[in-house]
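By convention in this document, chain letters (A, B, ...) are assigned in the order of the sequence lines, proteins followed by strands, and residues within each chain are numbered from 1.
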Amino acid sequence: MIINHPLLGPRDSAEFVYMGDASLIDRPDPDTATPEDWHAYAYLRENVAGDMQELWFHEGGDRSWLVVTRNTLTHEISSVALARDVARAKGRSK
Amino acid sequence: MRYSGFRVIKEALTGHKGWQPAWREPEPKAKYDIVIIGGGGHGLATAHYLAKVHGIRNVAVIEKGWIGGGNVGRNTTIIRSNYLLDGNEPFYEMSLKLWEGLEQDLNYNAMVSQRGIMNLIHTDAQRDAFVRRGNAMILNGADAEYLDLAQIKKEYPFLNFDDARFPIKGGLAQRRGGTVRHDAVAWGYARSADSHGVDIIQNCEVTGFRIENGTCLGVETSRGFIGAGKVASCVAGSSGHLMAKAGMRLPIESHVLQAFVSEGLKPLIPGVITFGAGHFYVSQSDKGGLVFGGDIDGYNSYAQRGNLPVLEDVCEGGMAIMPMIGRARVLRMWGGIMDMSMDGSPIIDRTHIDGLYFNGGWCYGGFKATPASGFTYAHLLARDVPHPTAAAYRFDRFAKGRMIDEKGMGNQPNLH
């Protein structure tokens, strides 16, 4: 699979470490989260058969985190964004 | 019809005109006591033990495609019980004992072959870890044997003992491990379940669950609604996809695991060899093909095929430990979809929805677990309490901190 890195262009997916379901971006607020929230965050995952948003870490490259939208039935990648931009668009790290 | 040597001779002499289909093709009834979703090894085994051990025969196994067309037909056929942890080892040893009696139980030749399995050791630390594992196996009633270098050279003279990175220093053997004809497992369980009155309904896809007031009343399928006293999900590989239809998120990711077979060769490898450090394991099928594999591809996938980097990695491992494999040609390769759980261990449990039960999360250890999975799942379905041997395989173990993590990897499924 080739991941079209937003800064570096097309890169072999073997350069990346796969971290799964991109909902890991939505970390619960430590001040208000319940143990159930943490359990869901740490252990439960979306496991979509179709287009799925995923975190890929460019360990063998610029060490950026990407949110990759990839079809789990065909392995086709439809969009790639920096996880930083995705998180900020959700209001994180303001 | 019972199968026997006498029957084979009789049929041979009379033109093979007396054989009957091994199971019926019934139309689904409006309601069953128990509907099992998934006609793979585990689902068919569950039906067999429900009927034979618990006398519950008003049971349907519904299967999207044809029975045995999923992971029970896509594995590398290895059986073993060489685990370390308390939650796992008694379960897999129970499974191995059930394998040993399987053919008599089913009256079906599953070609159970206890040709032995050996894990290679390359360092002192690894030797300590494997000896500890062997002791845990023996404490749980399994067999384990430490092999020194001379013994391995005698049994497997063709290995590369002096690899610069991973020189072979010893091995942990389980002589009772081995291989089984995987398709025959599905067919044998199906034939037995059918003979006890279980309906096996193929080409019937579950499209949803009918859940009212927190109780599951049955399943919507491509062949209409089928009512059920209890619904038992048994679709490892597709668990996340199926249970999402019941609104559940699982501690599971679906990953693709590849396997490879070479052209047929003369008898070459007596047992199963695992080279864990190099991501490679191999055995030889009765037809002569070398059956080998390695790690999962590492990303979520429902496609039953993998990518080339893993093929390269597996073949590199093979060349490093067993250079003669370079003379063989790869004949076939395929992928199967694994339920990779958050601690590398399976789940056999009720769900929070009354009447809906779950069996999945087998990672890449599902085939060897088939008999014990069916046996303990049938117990749970029949009696509504977990079987003592599978009591650790609960959904709540993550919330309670009772993970069964053989490799100590934590909640990252692609590392298990």
Side-chain angles (χ1 to χ4, degrees), chain A residues 1-5 10-28 33-61 65-80 83, chain B residues 64 235-245 247-256 295-313 335 337-343 347 352 360-361 395-403 405 410-416:
Chain A
M1 289 186 292
I2 301 293
I3 295 176
N4 200 5
H5 193 295
R11 309 299 306 184
D12 189 333
S13 65
E15 295 175 3
F16 293 77
V17 174
Y18 180 81
M19 297 298 288
D21 181 6
S23 67
L24 287 172
I25 288 177
D26 306 319
R27 189 176 58 215
T34 63
E36 288 73 31
D37 295 336
W38 285 116
H39 168 255
Y41 176 73
Y43 293 108
L44 304 184
R45 298 283 187 275
E46 296 300 326
N47 193 10
V48 183
D51 277 341
M52 175 162 174
Q53 290 205 307
E54 311 170 319
L55 285 171
W56 291 73
F57 174 52
H58 200 192
E59 188 177 42
W65 287 82
L66 305 182
V67 173
V68 176
T69 306
R70 192 179 58 96
N71 189 306
T72 57
L73 292 162
T74 64
H75 301 158
E76 187 182 4
I77 293 170
S78 53
S79 76
V80 183
Chain B
K64 179 174 73 173
V235 297
S238 296
S239 294
H241 183 51
L242 179 68
M243 298 310 278
K245 297 181 196 297
M248 288 182 69
R249 291 172 88 211
L250 301 176
I252 286 170
E253 291 179 354
S254 293
H255 285 259
V256 61
D295 273 350
I296 56 176
D297 273 38
Y299 46 83
N300 280 33
S301 176
Y302 284 94
Q304 286 176 316
R305 63 179 187 280
N307 276 311
L308 293 173
V310 167
L311 168 63
E312 186 177 30
D313 182 60
I337 305 305
M338 314 288 119
D339 271 11
M340 297 301 296
S341 70
M342 288 289 157
D343 61 357
I347 295 163
H352 69 283
F395 272 114
D396 64 2
R397 69 174 185 262
F398 303 101
K400 291 186 170 169
R402 291 181 184 151
M403 278 69 86
D405 192 342
N411 57 346
Q412 196 175 332
N414 60 357
L415 296 183
H416 288 294

Exercise. Most heavy-atom pairs under 4.5 angstrom with chain B, which of A:A42, A:S13, A:A14?
Worked result: A:A42

Problem set entry | Max heavy-atom pair count under 4.5 Å with chain A, selected residue of B:G410, B:G298, B:P413 | B:G298

Seminar exercise, completed: In terms of heavy-atom contacts, B:I252 and A:N47 come closest through O-ND2, 3.6 Å

Problem set entry | Contacting region of B:M340 [heavy-atom separation from chain A under 4.5 Å] | neither

Problem set entry | Residue B:L308 versus chain A: region with a heavy atom under 4.5 Å | neither

Problem set entry | ring-ring contact (aromatic ring centres under 6.0 Å, His included) between A:H75 and B:Y299, intermediate numbers included | CA-CA 10 Å; A:H75 301 158; B:Y299 46 83; 5.3 Å; yes

Problem set entry | Contacts of A:P35 that satisfy side-chain contact (heavy atoms from CB on, under 4.5 Å) - sequence neighbours left out | none

Exercise. Is the B:H255 ring parallel, tilted or perpendicular to the A:Y18 ring (thresholds 30°, 60°)?
Worked result: perpendicular

Exercise. Which of the residues A:Y43, A:F16, A:W38 is involved in the greatest number of heavy-atom pairs with chain B at under 4.5 angstrom?
Worked result: A:Y43

Exercise. Any idea which of B:G240, B:S341, B:S301 has the most non-hydrogen atom pairs under 4.5 angstrom with chain A?
Worked result: B:S301

Exercise. Do B:N300 and A:T72 have a side chain donor and acceptor closer than 3.5 Å?
Worked result: no

For this session: State, to 0.1 Å, how close B:I337 and B:A303 come at their nearest heavy-atom pair, and which atoms those are.
Result: CD1-O, 3.1 Å

Exercise. Are the side chains of A:E36 and A:Y41 in touch, meaning some heavy atoms are under 4.5 Å apart?
Worked result: no

Exercise. For chain B, which residues of residues 50-58 of chain A have at least one non-hydrogen atom nearer than 4.5 Å to it?
Worked result: A:M52, A:E54, A:W56

Problem set entry | Under 4.5 Å from any heavy atom of chain A - which part of B:N307 | side chain

For this session: Using the test side chain to side chain donor-acceptor pair (under 3.5 Å), find all partners of B:N414 that sit at least two apart in sequence or belong to another chain.
Result: B:Q412

For this session: Output the option from B:M248, B:Q304, B:E253, B:M243 having the highest count of non-hydrogen pairs under 4.5 Å with chain A.
Result: B:E253

Exercise. So what's closer than 4.5 Å to chain A heavy atoms on B:A399: side chain, backbone, both or neither?
Worked result: both

Exercise. Quick one: side chain to side chain donor-acceptor pair (under 3.5 Å) partners of A:N71, sequence neighbours excluded?
Worked result: none

For this session: Tell me, with the steps shown, if B:R397 and B:D343 meet side chain to side chain contact (heavy atoms under 4.5 Å, CB included).
Result: CA-CA 10 Å; B:R397 69 174 185 262; B:D343 61 357; 2.6 Å; yes

